[in-house]
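All remarks here apply to the structure that follows.
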Number of protein chains: 2
Amino acid sequence: MLDDRKAAILSAVVQEYISTAQPVGSSHIAAASGIGVSSATVRNEMAVLEQEGYLAQPHTSAGRIPTDKGYRFFVDHLATPRVSVDSAVTRQVGDFFAAAHGRLEEMLHQTSDLLTRLTNNAAVVVGPKAEASTIRGAQIVRLSATAATVVVVLGNGTVENEMIELDEAVTDLAINTASAHLASALAGSTLAAAQVASSGDESVDALCVAAVAAARGTAADDHVYVGGASTVAQAFDAVEVVRQVLHTLEQQFVVVSLVRDIVDRGMSVAIGIEHGVEPLSACSVVVAPVVVDGEHLGSVGVLGPTRMNYPQALATVDIVSERLGRRLGEG
Amino acid sequence: MLDDRKAAILSAVVQEYISTAQPVGSSHIAAASGIGVSSATVRNEMAVLEQEGYLAQPHTSAGRIPTDKGYRFFVDHLATPRVSVDSAVTRQVGDFFAAAHGRLEEMLHQTSDLLTRLTNNAAVVVGPKAEASTIRGAQIVRLSATAATVVVVLGNGTVENEMIELDEAVTDLAINTASAHLASALAGSTLAAAQVASSGDESVDALCVAAVAAARGTAADDHVYVGGASTVAQAFDAVEVVRQVLHTLEQQFVVVSLVRDIVDRGMSVAIGIEHGVEPLSACSVVVAPVVVDGEHLGSVGVLGPTRMNYPQALATVDIVSERLGRRLGEG
DNA sequence: GGTTAGCACTCGATATCCTTGACTGCCAAC
DNA sequence: GTTGGCAGTCAAGGATATCGAGTGCTAACC
């Protein structure tokens, strides 16, 4: 643990570096209000902070920049209380969700854009998995002689669909019977628990089984919306880093498991390599779960360089996740 | 029009520049097989080509690079016949579509990844609009006291859905009646032509009207899949250009209208500012329509720097669009 | 006439050197 | 423990020279 003065110095270095992206020297810190001490003393303290791994020096005659450990300490102990949300931001988020309507997918997509606008970072919104949502409707529709589609409407308004192949020439009657049977069997259940009792007719049962299997398959799919990828072009000056980060963001399952993993570990910030995704080791991720009625339905997060504005990101992600959860609760 | 030798020189410059991204000098061209002429002569010709606007010189003592006009001439008159598809590519595309199955959305998404892999450029796939597809099924499902969702299953296997708000407390019976009425009224029609005759019951009719309106709304939505955005990070060295291009690619409606516009004008390549989208003026777009049974259902395209490999891009986009069309034709 | 060799010239790129200035670390004095 | 002062370090920036790729022009050539 660091004494008060070291903490104050570390805090000042982090904040200065976040806003300038330049290594910060002892005299800047000494001049900064709040630390009534000469630059020489600051230097001594910084040397200790470097030894202990909180700061690093790009080269001898340069100032210090925070290490991942430094950011971690800042986030855990020094970041100004979360209350710090700008009231303008609160209003903006409020307005956004007040105006939001229509399809859930659309809203989640726009939420990621909102986060990008507010934080100027890439944003991720992971929507609720289908499996836990109650089923409101189900239907099987023939597409061709050998193909049909099963459609499931869920309580949160999302619609999942998947194709099924019809092995032999199934009659329209069988499809319609199966569709009705399916609808009544699944209504009120969830995709995870979906089960269909035998109807007595063999071909209808086969259809139902196939449909449930197909629907179950979609339940595991994640709904993820990544926005603001263009912001990473400015965040790093090494082209190769930009390429790697963008490429990683394109792989949605990586993003989802990254976010889910952080949330599951009860963390709200993953700094640098903490999240374990090597190509994103120059990035930090700030996340918050979206909770509705005590249930964790999804997550929102922002992704930016490790020198991102953590207090702002934390506050923004928090308020957005909270409002989004409230909005989802209303239906 | 250019004489044969000028054309050959222009072609050589374009090809060399495409592969090296460096200004190309007269001696390189003179050394290149096919032009049995000294560098001095090439210089004379290049001076003329520059005067006529086909080439440009970054600075006095540098080689020449093609202008947009130069690329245009190359594409129109010099690009090796389209036949040039690598047989390995043909096989790869064939394999891809042979293995493709499941949801149409999924397949289109993967198609954009395929194009990215094959050309190493950003790729765009614009899927069929819903409005022209025949309706196979329709349903209204209650979500809450004041909300319901209308689901429409289309012949191509896609499923459109939109929420409708229920003004007053509509009975379940009314919803079910309307749902059934809607299903029988819309089956076989298209979203564009969707119409519902009166059922006799006022509240049912109101529901049907709202449902059709909502469904119609979704019909105008475009389905667009953009992949390979990370490739643009390497394509340009100016960060600002990268940011602009990425930002533009994130605005899907811009991309759609860009691609649609080019296809509608009967073009297959838009070079530089030809497409009129200012932030993409450093990019070229190569597109091909996806045609099924003579009908233009969508488009595929790649987007890269103006110094992209046009023959390869043209060939790849052509074969992918053709195979995709064939695949969609099979259902 | 078109083609070519040759030459002077241009100018970005690269290298070298120097200066500057923003740092640090250390030490002696407070 | 704190501080002022000073020597040392090193990247960044500027000036200068060199290099070399490439040009345009001209005179000779076929």
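Heavy atoms only: backbone and side chains are in, while hydrogens, waters and symmetry mates are out. Below, chains carry the letters A, B, ... as their sequence lines are ordered, and counting in each starts from 1.
- Using a 4.0 Å cut-off between charged nitrogen and carboxylate oxygen, E52(B) and K6(B) do not count as a salt-bridge pair.
- Contacts of S321(B) classified as side-chain contact (heavy atoms from CB on, under 4.5 Å), with partners at least two apart in sequence or in another chain: A288(B), V290(B), V300(B).
- The stretch residues 5-15 of chain B has no heavy atom under 4.0 angstrom from DNA chain D at all.
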Grab the N/O contacts between the protein and nucleotides 22-24 of chain C below 3.5 Å, and write none if there aren't any.
residue : atom : partner : partner atom : Å
dT24(C) : OP1  : S26(A)  : N            : 3.4
dT24(C) : OP1  : R64(A)  : NH1          : 3.3
dT24(C) : OP2  : S26(A)  : N            : 3.3
dT24(C) : OP2  : S26(A)  : OG           : 2.4

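- Looking at heavy atoms from C-beta onward, F74(B) lies in side-chain contact with P311(B) at the 4.5 angstrom threshold.
- Between the side chain of S39(B) and the main chain of S26(B), no donor-acceptor pair closer than 3.5 Å is present.
- Under the side-chain contact (heavy atoms from CB on, under 4.5 Å) criterion, P305(B) pairs with N121(B), A235(B), F236(B), R307(B), sequence neighbours left out.
- In this structure, T60(A) has no side-chain contact (heavy atoms from CB on, under 4.5 Å) partners at least two apart in sequence or on a different chain.
- From the 5' end on, the contacts that DNA chain D makes with chain A at under 4.0 Å to a non-hydrogen atom open and close at dT2(D) to dA11(D).
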Requested in this report: Apply the test side chain to side chain donor-acceptor pair (under 3.5 Å) to residues S11(A) and Q15(A): give CA-CA distance (whole Å), side-chain angles for both, the deciding distance (0.1 Å), then the verdict.
Outcome: CA-CA 6 Å; S11(A) 175; Q15(A) 292 186 55; 3.0 Å; yes
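- Going from atom OG1 of T41(A) over to atom CD1 of I9(A) covers 8.0 Å, rounded to the nearest 0.5 Å.
- Toward the 5′ end of DNA chain C lies the nearest nucleotide of T41(B), the other residue of the pair H59(B) and T41(B) mapping further downstream.
- Ring pair Y54(B)/F73(B) is perpendicular by interplanar angle, where above 60° counts as perpendicular and below 30° as parallel.
- Between Y225(A) and H109(A), the two ring planes are perpendicular [angle over 60°; tilted spans 30° to 60°].
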